[in-house]
Engineer: 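One structure is given below, represented as structure tokens, and several questions about it will come after.
All residue numbers in this chain count up from 1 along the given sequence. The structure displayed is predicted, hence computed values, not measured ones.
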Amino acid sequence: MLLSLFFTAPMLAVVWLTALIIALTVHEFSHAIVGKFRGDDTAEKFGRLTLNPLAHIDPLGFLMLVTIGFGWAKPVPFNPQNLKQPLKDGLLIALAGPASNLVMAAIAAGLFRLFLSTEIVRVDTMLGAFLVISVLVNLLLAIFNLIPVHPLDGSKLVDVVTYRTGYEWISRWLMVNGPRIMLVLVMISLMTSFDPFFVIQIPAYFGCDQLLGASCNTLLGMYFGG
């Protein structure tokens with residue numbers, strides 16, 4: 001847990017927390033700016049069209065994230081009535097968040113490779129750790145949000161597919177039961193030895209390896225003494 005890391009390796013905890021805050025902020029800002037581009041200024045009116053982390057951090061969600069490892073940021077509001085094509089535009093707004101995290105992961109990995117190849121930064125520095133952690137955090141956040149249950153971003157993809165295939169009842173069922181499904185999965189992860197979120201971690205770590213050109217696990221083990 002991030003909280004325990006503050007007692008064992010406070011500098012790395014700060015690095016991890018910083019990477020997480022940046023990833024969440026860019027994610028939510030991306031929802032807001034795409035909504036603006038698609039004709040809806042609701043997020044802007046609520047002060048969400050900003051890269052100020054304070055505008056996007058939910059106090060309770062952030063506390064949960066630090067203490068138990070699962071949390072949330074403030075959802076970015078949008079009004080479908082302001083969109084020319086509510087279904088399509090709603091999907092674009094939703095996917096903007098995960099897409100921005102993939103871009104952030106690629107940028108962090110590119111800087112990591114550049115710094116190492118030019119020997120500007122050594123791999124065992126705090127900046128090196130920040131870049132590696134940023135790659136992994138952004139990949140985890142992107143893949144997690146693509147889970148197709150409400151209120152995650154992937155639910156909008158389900159809305160489009162079920163609308164076009166005539167199975168809207170699936171979308172409605174997931175909207176009602178999605179939060180319950182997520183709660184059950186989180187409880188299983190916290191209270192048992194089985195982690196249902198391994199389906200997120202496997203592609204995230206694989207992507208991290210590919211982007212960095214090195215084993216993400218090995219690098220993290222070096223930073224955290226594993």
Side-chain angles (χ1 to χ4, degrees), residues 17-62 65 70-111 131 133-165 168 170-172 174-176 178-179 181-182 200 203-204 207-208 211:
L17 188 61
T18 302
L20 185 58
I21 290 174
I22 293 174
L24 288 171
T25 299
V26 172
H27 180 103
E28 299 303 334
F29 170 77
S30 298
H31 287 315
I33 197 170
V34 171
K36 176 72 172 179
F37 284 147
R38 303 307 295 180
D40 179 37
D41 61 354
T42 302
E44 184 178 21
K45 290 179 178 177
F46 278 85
R48 305 298 301 279
L49 194 61
T50 176
L51 285 171
N52 181 356
L54 296 178
H56 303 293
I57 298 298
D58 180 279
L60 178 59
F62 190 70
L65 194 60
F70 293 95
W72 57 88
K74 292 179 183 176
V76 171
F78 75 93
N79 186 350
Q81 295 181 350
N82 293 333
L83 303 174
K84 293 181 180 179
Q85 302 180 65
L87 200 63
K88 175 185 175 182
D89 292 341
L91 177 61
L92 291 175
I93 293 171
L95 295 183
S100 70
N101 291 127
L102 294 177
V103 171
M104 291 288 289
I107 291 173
L111 290 174
L131 293 173
I133 291 170
S134 291
V135 173
L136 182 59
V137 164
N138 276 282
L139 289 175
L140 287 169
L141 188 60
I143 298 170
F144 175 76
N145 274 280
L146 289 175
I147 295 175
V149 297
H150 186 79
L152 299 178
D153 299 327
S155 65
K156 295 301 181 183
L157 182 59
V158 176
D159 292 345
V160 172
V161 172
T162 56
Y163 176 79
R164 296 189 182 281
T165 57
E168 295 95 332
I170 297 177
S171 181
R172 292 193 296 269
L174 287 173
M175 180 174 292
V176 173
I181 294 172
M182 290 306 302
I200 298 169
C208 188
L211 287 173

Engineer: To the nearest 0.5 Å, how far apart are CE in Met175 and CD1 in Ile170?
Structural biologist: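 Nearest 0.5 Å value for the CE-CD1 distance: 13.5 Å.
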Engineer: What closest approach, in Å, do Pro98 and His27 show between heavy atoms, and which atom pair accounts for it?
Structural biologist: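 Answer, listing the atom of Pro98 first, then His27: N-CE1, 3.5 Å.
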Engineer: List the atom of Pro148, the atom of Val158, and the distance in Å for their closest heavy-atom pair.
Structural biologist: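 Answer, listing the atom of Pro148 first, then Val158: CB-CG2, 3.3 Å.
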Engineer: Take Val135 and Leu131 through the side chain to side chain contact (heavy atoms under 4.5 Å, CB included) test and state the conclusion after the steps.
Structural biologist: CA-CA 6 Å; Val135 173; Leu131 293 173; 5.7 Å; no
Engineer: What distance separates Leu51 CG from Ile22 CD1, expressed to the nearest 0.5 Å?
Structural biologist: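 Nearest 0.5 Å value for the CG-CD1 distance: 10.5 Å.
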Engineer: Would you compute the distance between atom NZ of Lys36 and atom NZ of Lys45 and round it to the nearest 0.5 angstrom?
Structural biologist: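 Answer for the NZ-NZ pair, Lys36 versus Lys45, is 9.0 Å.
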Engineer: Begin with the C-alpha distance, continue with both residues' side-chain angles, and end with the deciding distance and a verdict on side chain to side chain contact (heavy atoms under 4.5 Å, CB included) for Phe37 and Asp89.
Structural biologist: CA-CA 10 Å; Phe37 284 147; Asp89 292 341; over 6 Å; no
Engineer: Apply side chain to side chain contact (heavy atoms under 4.5 Å, CB included) to residues Ile93 and Lys156 and explain how you reach the verdict.
Structural biologist: CA-CA 9 Å; Ile93 293 171; Lys156 295 301 181 183; over 6 Å; no
Engineer: How far does CZ of Arg48 sit from CD1 of Ile33, to the nearest 0.5 angstrom?
Structural biologist: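 Here the interatomic distance stands at 14.0 Å.
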Engineer: Keeping the roles fixed (side chain from Asn101, backbone from Ala23), state whether a donor-acceptor pair exists under 3.5 Å.
Structural biologist: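 Yes; at least one donor-acceptor contact below 3.5 Å.
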Engineer: Starting from the C-alpha separation in whole Å, work towards a yes-or-no answer on side chain to side chain contact (heavy atoms under 4.5 Å, CB included) for Leu174 and Ile181.
Structural biologist: CA-CA 9 Å; Leu174 287 173; Ile181 294 172; 4.3 Å; yes
Engineer: Let me confirm one number: the CG-CG distance from Leu102 to Leu139, rounded to the nearest 0.5 Å.
Structural biologist: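 So the gap between those two atoms works out to 6.5 Å.
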Engineer: Where the side chain of Ser100 meets the backbone of Gly97, is there a donor-acceptor pair that is under 3.5 Å apart?
Structural biologist: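 Present.
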Engineer: Per the side chain to side chain contact (heavy atoms under 4.5 Å, CB included) rule, which among Leu140, Asp153, Leu95 passes with Asn145?
Structural biologist: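 Output: one option passes, namely Asp153.
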Engineer: Over all heavy atoms of both residues, which pair between Leu152 and Ser155 is shortest? Give the atoms and the distance, please.
Structural biologist: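 In this case the closest contact between Leu152 and Ser155 is O-OG, 2.7 Å.
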Engineer: Can you name the nearest heavy-atom pair linking Ile21 to Pro53, along with the distance?
Structural biologist: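 Scanning both residues completely, I find the closest heavy atoms to be CG2-CB, 3.7 Å.
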Engineer: Minimum heavy-atom separation for Ser134 to Asn138, with atom names?
Structural biologist: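 Smallest heavy-atom distance, with atoms named: O-ND2, 2.8 Å.
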Engineer: Can you name the closest pair of heavy atoms from Glu28 and His56 and give their distance?
Structural biologist: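 Scanning both residues, the minimum pair turns out to be CB-ND1, 3.4 Å.
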Engineer: Just so I know, are the side chains of Leu91 and Leu87 near enough to count as touching, which here means a heavy-atom distance under 4.5 Å?
Structural biologist: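 Leu91 vs Leu87: side chains apart.
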Engineer: So, do Leu24 and Leu141 sit near enough that their side-chain heavy atoms are less than 4.5 Å apart?
Structural biologist: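 They are in contact (side-chain heavy atoms under 4.5 Å apart), so the answer is yes.
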Engineer: If you round to the nearest 0.5 Å, how far is CD1 of Ile133 from CG of Leu20?
Structural biologist: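 Taking CG in Leu20 and CD1 in Ile133, the distance rounds to 10.5 Å.
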Engineer: I want to check something: taking the side chain as every heavy atom from C-beta on, are Leu157 and Leu146 in contact at a cut-off of under 4.5 Å?
Structural biologist: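 They are not in contact (no side-chain heavy atoms under 4.5 Å apart), so the answer is no.
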Engineer: Donor-acceptor pairs under 3.5 angstrom involving side-chain atoms of residues 72-86: please list them, not counting sequence neighbours.
Structural biologist:
residue, atom, partner, partner atom, Å
Trp72, NE1, Asp58, OD1, 3.2
Asn79, OD1, Gln81, N, 3.0
Asn82, ND2, Asp40, OD1, 2.7

